[in-house]
Amino acid sequence: MEMLTLLCLFSTYLLASSINIEENAGQFFSSGHTNNWAVLVCTSRFWFNYRHVANTLSVYRSVKRLGIPDSHIVLMLADDMACNHRNPKPATVFSHKNMELNVYGDDVEVDYRGYEVTVENFLRVLTGRLPPSTPRSKRLLSDDRSNILIYLTGHGGNGFLKFQDSEEISNVELADAFEQMWQKRRYNELLFIIDTCQGASMYERFYSPNLMALASSQVGEDSLSHQPDLAIGVHLMDRYTFYLLEFLEDIHPASKTNMNDLFKVCPKSHCVSTPGHRTDLFLRDPGSVLVTDFFGSVRKVELTMETINLTGHIKQWEESTSLRTGRARGIVA
Amino acid sequence: MVGVPLWWRTTETYRAWLPVSQIQELSKLQLQLSADVEVVFSRGTVTPEQQKKLPLTQTQDEEHRVDEDTALSYRYETRYRTATVMEEDALNQPTAAGEMLFASLSNQLSRCKHSVISVRPQVITSLILSCSSSAEADLSLHTLSESPCGSLVVYVIPESSTLLPQDVDVYIGRRRTAFLRIGAKMRVGRTLEQLLAHMEPRVKQVLQVMSFSHTDITAALSDRVRLSPGNKESIADSMRAFKSSPGYEITFSLLNPDPKSHRLHWDIEGAAQTYIQPLLTKLAPVANFSMDSQTLYYAVLGVSPRFDSSRSTYTLNADSLAHVINPVEARLGSNAASSNPVLNFLLYVPDAHHSPLYIHDRKKQEVPSNAFHSPRWGGIMVYNVNDFYGPEAVFPVDINIDMAKVMGVFLAQLRLLLGVQSSSAPPGFLVAPCGTAGLADWELDRLMWSRSVENVATATTTITSLAQLLDQIGNIVINDNIAEQVSSAVTSLQLAVAELESGNLGFALQYSKEAILASERAFFDPSLLHLLYFPDDQKFAIYIPLFLPMCVPILLSLLKIISDARQKRRDKQAKKD
């Protein structure tokens, strides 16, 4: 009798796991994207805005860990905290008090630094209107099958975000930039995350399809910082990004966590402000969107079933102008 | 009085003239694709009375409305004629090679009296004769006359002909010809109209395979028309090939994780020149290609393979393949100067401790090519070298990689990634293998059709959205060079559409490429950045405190002047009276 029940249980388990495999196979092509890009921007300078740089670097770290390579990340940091003369621990940027996690690391690649982070350059990166001399690493070379993650942090207000303490980008300009990206089919789906005061005002004006937005606070609320570190002397992280980083540390490239879990990150009890999100422009149901669709880079793969039978012998190769092997290459990872 | 026009003149932005009306016309896209087909009846397929009515030309039109702005129409000009004497000879010759093969085979079979093989010799010989003879016939017909780009010739052969094997009705050659076996019921006693009515759907079927098909063309229009996703295969097909681009970069990388054990030699320059370059030369009208190669040492796959004790091999199953690419990609460089899409082909030689390594599919079967590819990225092949040396070899072992096998796989993947591979042929069709160039002429035609349509669709959306953008934002400066690019893009587009209509595929592709280049240059011009956003309430908030105090005395004095003038007129009236 027990054998029978055991057998039944075993067979139902097998059935369930086979259904799961089919589902996984189906999910392979359900998202419609073939590559991932990330544009991570920190817009504030000065030492007391250390936490904004730490925010951006912790998202950068998670995104790299989950698979997006440096060639597909555009990282813009408005100030250099790691090598700032007020940093008691040079070449590090910590995200957790007691200096537990150094998010600067050994292989960080900053594409726009210091005064290069301006509203103009940010909009140029998004719309692709860069001068022809711009190197590949500074361009957003996305196509119509790219999922893009855009993360902005800094000081903001109702309808604007402050860049470098001297200029602002308004929510209308941002919405127009996204519309131009849509017109030129520069993205398949776009996830926009903003961690500033009154962040929800920045996504109010979006009108292009396939945009999903998350903000750390509603209009009229301030986003607060997490904890100060007494040795470094500044606040290390903002609350929303701190809990976001904690959430992302549990994600690995094969995980199946979806967007609904991401929306629950940092409830009011932890964040003091109310995080908001906007999904009405997004075509798919957020519950079916994996976090790794934006934060990671899970490639679609197909097995090569056909080959071509080549029978000729290799011709002796003389100096040929059509091949350029061994030339000096500008290696850009 | 002077101030207002002066202020207007000095604050207006320079906007060069754009051909707006022509751009408006372009937003409604009506594409007509024409294909020329020649149907040649060989001896035995038409009766003499029917022959008298040939040659005859028919035109068919098919209309499709894709959405409210896009309409497609396909025109097939079919010309029916009989075969010339030289073509008859080419179709009927038994080839010398085939005859020799037949002779030697029948010789050998007659010698094996106690043979276990019980295959009828007639079957083998007919197969050999047919395979070699249809290819030979194809070649000799091609030497007689070469069909222009985009057109097709279909030879109708009698039912009893031995040119094709028994169960094959259609043979699609390497150039632009096909052999069609006429059906049994058309043998005798039919009129020409019935014969043509019978041929039409079969020729249509051949056209669907060798020339443009509705699914391909609508897939190429994906920039203009966001179609609802079809089944999984169609989504996979549309995601796999790279979008049309003026140039591509191909990078071959050899990954050697274990240089202490294996010293690998690969003649990549010779192999690329011999095997890949012919394909790229043939594809020159479509895009420019540049190739590089590199060797990476101590590059690991990032996924640990599992040991399969039943076959004593290491295996990578299909699910873990998705995570292989990312750790490697970080180490693959790319050309910093160009923004062209990159196709990466990686050859991975497993280390001595994890050899041999095979890729298994979902059913746990070994994949024969031992390779996989990722849409819009490239391909990876695993090359096992454990057979090249014995257990007592001195490390490091020198190994020469068999480039023909490797390039065979990479060439197949390259074809898939460039969008050449068509869907599988319908039953009863025999498609010739693609030969040394790696690409049949009709495959190139198909690619050119879909690329032309894609370029035209993309260029029209770019131009119309640019015009819309410039219209909406009045503050953007339109320089002369942008206006020039836009005008040239519009002209090239009109020419491309006209050439597609008349069926000149080569010119259509060239004009469509020019249109795309011009429209992209215009759209992505760095000067077209609108940074100053002034919402109306902010504009009022700035100007009112400035101008209101100035306006008050002006208005009051104007009122005073008017009331004075009125008073004067009243006085004059009173004086007159």
Side-chain angles (χ1 to χ4, degrees), chain A residues 21 24-26 29 32 34-35 67 69-71 119-120 123-124 127-131 135-137 139 141 143-145 170 172-173 176 180 183-185 253-254 297-317 320 322-325 329-333, chain B residues 223 232 235-236 239 243 267-275 277 290-293 318-319 321-323 325-326 329-330 333-337 339 359 361 367 369 371-377 379 403-404 407-409 411-413 434 436 438 462 465 469 523-526 528-529 531 533 535:
Chain A
I21 292 175
N24 287 355
F29 285 104
T34 60
N35 53 49
D70 272 314
S71 54
V119 173
E120 180 183 338
L123 289 179
R124 283 193 189 281
T127 54
R129 298 207 167 96
L130 289 159
R136 211 183 171 110
S137 59
R139 287 182 188 259
L141 294 170
D143 56 26
D144 63 323
R145 293 277 175 200
S170 65
V172 180
E173 280 179 316
D176 284 340
Q180 289 189 46
Q183 288 287 330
K184 210 56 192 79
R185 301 286 182 266
S297 174
V298 182
R299 299 276 183 177
K300 308 277 186 287
V301 156
E302 288 178 330
L303 298 168
T304 308
M305 285 309 181
E306 298 187 15
T307 62
I308 295 184
N309 201 5
L310 294 170
T311 48
H313 288 297
I314 294 182
K315 295 199 280 262
Q316 279 307 105
W317 178 72
S320 163
S322 58
L323 227 55
R324 290 185 285 156
T325 57
R329 309 178 54 193
I331 299 285
V332 178
Chain B
D223 235 25
K232 231 180 285 175
I235 301 178
M239 292 209 303
K243 299 278 295 177
D267 183 14
I268 183 65
E269 296 153 354
Q273 187 70 354
T274 316
Y275 300 125
Q277 191 57 38
S290 79
M291 278 198 279
D292 356 285
S293 67
D319 291 320
L321 292 175
H323 307 292
I325 296 180
N326 287 326
E329 186 169 9
S334 58
N335 188 354
S339 311
I359 299 179
D361 61 13
V367 177
S369 61
F372 62 99
H373 57 271
S374 179
R376 299 210 185 167
W377 184 81
M403 291 311 289
M407 282 303 172
V409 172
L411 202 59
Q413 288 176 339
C434 44
T436 49
T462 308
S465 63
L469 170 77
F523 191 91
F524 287 121
D525 192 274
L528 284 180
L529 197 67
L531 265 189
Y533 168 69

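Throughout, a chain's letter reflects where its sequence line sits, starting with A, and its residues are numbered from 1.
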Within-4.5 Å side-chain heavy-atom neighbours: Arg185(A) and Lys243(B): no
Beyond-backbone contact of Asp525(B) with Arg129(A), side-chain heavy atoms, under 4.5 angstrom: no
N/O donor-acceptor pair under 3.5 Å between Arg124(A) side chain and Pro526(B) backbone: yes
Greatest number of heavy atom pairs closer than 4.5 Å to chain B - which of Gln183(A), Arg139(A), Lys184(A): Lys184(A)
Leu130(A) side, atom CG; Phe524(B) side, atom CZ - distance, nearest 0.5 Å: 10.0 Å
Separation between CD1 of Ile325(B) and CG of Asn35(A), rounded to the nearest 0.5 Å: 11.5 Å
Backbone N/O of Thr307(A) and side chain of Ser369(B): donor-acceptor pair under 3.5 Å: no
Under 4.5 Å from a heavy atom of chain A, the part of His373(B) involved: both
Toward chain A, the part of Leu321(B) with a non-hydrogen atom under 4.5 Å: both
Proximal component of Val409(B), with respect to chain A [non-hydrogen, under 4.5 Å]: both
Chain B contact via Leu303(A) - side chain, backbone, both or neither, heavy atoms under 4.5 Å: both
Chain B contact via Asp143(A) - which portion, at a heavy-atom distance below 4.5 Å: side chain
Atom group of Leu411(B) that falls short of 4.5 Å from chain A, counting heavy atoms: both
Atom pair CD/CG of Glu173(A) and Leu529(B) - distance to nearest 0.5 Å: 8.5 Å
Exercise: identify the closest heavy-atom pair between Val301(A) and Pro375(B): N-CD, 4.4 Å
Residue pair Thr304(A) / Val367(B), side-chain heavy-atom distance below 4.5 Å: no
Side chain / backbone / both / neither for Met407(B) at chain A, heavy atoms under 4.5 Å: both
Straight-line distance of Glu306(A) CD to Gln413(B) CD, nearest 0.5 Å: 11.5 Å
Trp377(B) side chain reached by Lys300(A) side chain, heavy atoms, under 4.5 Å: no
